[in-house]
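Along the sequence shown, residues carry numbers from 1. Atoms within each ligand, like the ligands themselves, are counted from 1 in listed order.
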Amino acid sequence: MSLFDLTGRRVLVTGANAGIGQAIAVEMAKAGAHVICAGRRNCDATLAAIADTQGTAEQAVADFADPMAGKALVNEAGPLDILVNNAGIIRREDSVDFSEADWDAVMDVNLKALFFTTQAFAKQALGKESHAKVVNIASLLSFQGGIRVPSYTASKHGVAGLTKILANEWAAQGINVNAIAPGYIATDNTTALREDPVRSKEILSRIPAGRWGNATDIAGTAVFLSSKAADYIHGAVLNVDGGWLAR
Ligand code: NAP
């Protein structure tokens, strides 16, 4: 069997109705996994895309406006081998005017929900020697400051930190915890940037690969980090950024 094969594995992907999460769900299914696609809206389009590739999937509803919603989600999903914490939001405003509501909304979805969903997953998986895998979706703003996105930057630095502490605690107990730091990927999340002619030109000119990333660029890495090929990778935050951070 290929080191990258996911046949027989059950994976939960949060925010699987669109963008990067949808691409991850589809590529996981293509690699053989059964995918539970979680969204606050329905994941019909993702399920249809997976059916087109003869993969298997189901959907579940979870709104991380309640950051503890992942506990019920995990418990209702049945046995899981892989968790992809992808759901995330961004709010843009000058730091001097940034509101408490925009701080709390982003921290709840991007950081608190990620932690407690992962905790629920770990309660099932710890000690089972099943090579369970957690893949967190971090950001370039896990390393850099960004501008006008203070809660997003704080949350994504937090995601990198949680990836490391959870790897430290669970590496010897059968769970790999890693993260992907996507560069600039063309999704709804970056529409505002791509529509700003000045910012989009600045960004593109700094990417060594000379193009924005696409969601499938991230999905392939998620499959890798979920596979047996990544059994000895713990606590890594892997840049998938067209070379941005190398520059
Ligand atoms: P996206 O298209 O906006 O997708 C975000 C996903 O998160 C959607 O499925 C969204 O569901 C879901 N979500 C948002 N709020 C939620 C909530 N309260 N409860 C449950 N799900 C919720 O953006 P994306 O670019 O694919 O982002 C996916 C992840 O990649 C995020 O963590 C983001 O921070 C990260 N990322 C993206 C980029 C990039 O360049 N695009 C770069 C670095 C990191 P709805 O459709 O219902 O809103």
Checklist entry - With a cut-off of 4.0 Å, which atoms of ligand 1 are near a heavy atom of Ala87? => result 7 (O), 21 (N), 22 (C), 32 (O)

Next on the checklist: Looking only at protein heavy atoms, which one is nearest to atom 40 (O) of ligand 1, and what is the separation?
Outcome noted: Ile185 N, 2.8 Å

Checklist entry - Of all heavy-atom pairs between Trp103 and Phe98, which one has the smallest distance, and what is that distance? => result N-CE2, 3.5 Å

Checklist outcome for this item: atom 23 (O) of ligand 1: closest protein heavy atom, distance to 0.1 Å, is Asn189 CB, 3.1 Å

Checklist entry - What protein heavy atom sits nearest atom 25 (O) of ligand 1, and how far off is it? => result Thr187 OG1, 2.5 Å

Next on the checklist: Any protein heavy-atom neighbour for atom 36 (N) of ligand 1 (distance below 4.0 angstrom)?
Outcome noted: yes

Checklist entry - Salt bridge between Lys133 and Asp231, side-chain N to carboxylate O under 4.0 Å? => result yes

Checklist entry - If you measure from each non-hydrogen atom of Ile20 to ligand 1, which part falls under 4.0 Å: side chain, backbone, both or neither? => result both

Checklist entry - Please state which protein non-hydrogen atom is closest to atom 42 (C) of ligand 1 and give its distance, to 0.1 Å? => result Gly183 O, 3.2 Å

Checklist entry - Under 3.5 Å, is there a donor-acceptor pair linking the side chains of Thr187 and Asn189? => result no

Checklist entry - Linking I/L/V/M/F/W/Y whenever their side-chain heavy atoms sit closer than 4.5 Å, directly or via other members, would Ile185 and Trp244 fall into one cluster? => result no

Checklist entry - So which bit of Asp63 gets within less than 4.0 Å of ligand 1, heavy atoms only: side chain, backbone, both or neither? => result both

Checklist entry - Counting heavy atoms only, which part of Val109 comes closer than 4.0 Å to ligand 1: side chain, backbone, both or neither? => result side chain

Checklist entry - Yes or no on side chain to side chain contact (heavy atoms under 4.5 Å, CB included) for Phe121 and Leu12, after CA distance, side-chain angles and deciding distance? => result CA-CA 10 Å; Phe121 173 83; Leu12 173 64; over 6 Å; no

Checklist entry - What protein heavy atom sits nearest atom 31 (C) of ligand 1, and how far away is it? => result Asn86 O, 3.2 Å

Checklist outcome for this item: shortest atom 48 (O) of ligand 1-to-protein heavy-atom contact is with Arg40 NH2, 2.6 Å

Checklist entry - Is there at least one pair of N or O atoms, one from Thr190 and one from ligand 1, spaced under 3.5 Å apart? => result no

Item to check | Any donor-acceptor N or O pair under 3.5 Å, side chains Thr117, Asn85 | outcome: no

Item to check | Same apolar cluster (I L V M F W Y, side chains within < 4.5 Å links), Phe4/Val84 | outcome: yes

Checklist entry - Taking non-hydrogen atoms only, is Ala65 closer than 4.0 angstrom to ligand 1 via side chain, backbone, both or neither? => result backbone

Next on the checklist: Can you confirm whether more than 12 heavy atoms, excluding those of Leu245, are under 6.0 Å from its CG atom?
Outcome noted: yes

Item to check | Identity of the nearest option to atom 43 (C) of ligand 1, non-hydrogen atoms only, from Gly15, Pro182, Gly39, Ala62 | outcome: Pro182

Checklist entry - Looking at Ile137, which atoms of ligand 1 are within less than 4.0 Å of one of its heavy atoms? => result 29 (C), 30 (O), 35 (C)

Checklist entry - Which one holds for Gln22 and ligand 1: side chain close, backbone close, both close, or neither close, with close meaning a heavy atom under 4.0 Å? => result neither

Next on the checklist: For atom 33 (C) of ligand 1, tell me which residue out of Tyr152, Tyr184, Phe64 has the closest non-hydrogen atom.
Outcome noted: Tyr152

Next on the checklist: Do Leu162 and Val74 sit in one hydrophobic cluster, given that two such residues count as connected whenever their side-chain heavy atoms are within less than 4.5 Å of each other, even indirectly?
Outcome noted: yes

Next on the checklist: Can you confirm whether more than 12 heavy atoms, excluding those of Leu126, are under 6.0 Å from its CG atom?
Outcome noted: yes

Checklist entry - Ignoring hydrogens and geometry, is there a side-chain-to-backbone donor-acceptor pair from Thr7 to Gly32 under 3.5 Å? => result no

Checklist entry - Where the side chain of Gln59 meets the backbone of Cys43, is there a donor-acceptor pair that is under 3.5 Å apart? => result yes

Checklist entry - Counting N and O atoms only, with roles assigned by atom type, does the side chain of Asn17 sit under 3.5 Å from a partner on the main chain of Asp44, one being a donor and the other an acceptor? => result no

Checklist entry - With the 4.5 Å side-chain cut-off for hydrophobic clustering, are Leu193 and Leu140 part of the same group? => result yes

Checklist entry - How does Ala138 reach ligand 1, if at all, at less than 4.0 Å between non-hydrogen atoms: by side chain, backbone, both, or neither? => result backbone

Item to check | Contact (N/O only, under 3.5 Å) between Asn17 and ligand 1 | outcome: yes

Checklist entry - What atoms of ligand 1 come closer than 4.0 angstrom to any heavy atom of Ile89? => result 14 (C), 15 (N)

Checklist entry - For ligand 1, which atoms sit closer than 4.0 Å to a heavy atom of Gly88? => result 5 (C), 7 (O), 14 (C), 31 (C), 32 (O)

Next on the checklist: Just to check, does Ala186 reach to within less than 4.0 Å of ligand 1 when the distance is taken from its heavy atoms?
Outcome noted: no

Checklist entry - Which atoms of ligand 1 have any heavy atom of Arg41 under 4.0 Å away? => result 45 (P), 46 (O), 47 (O)

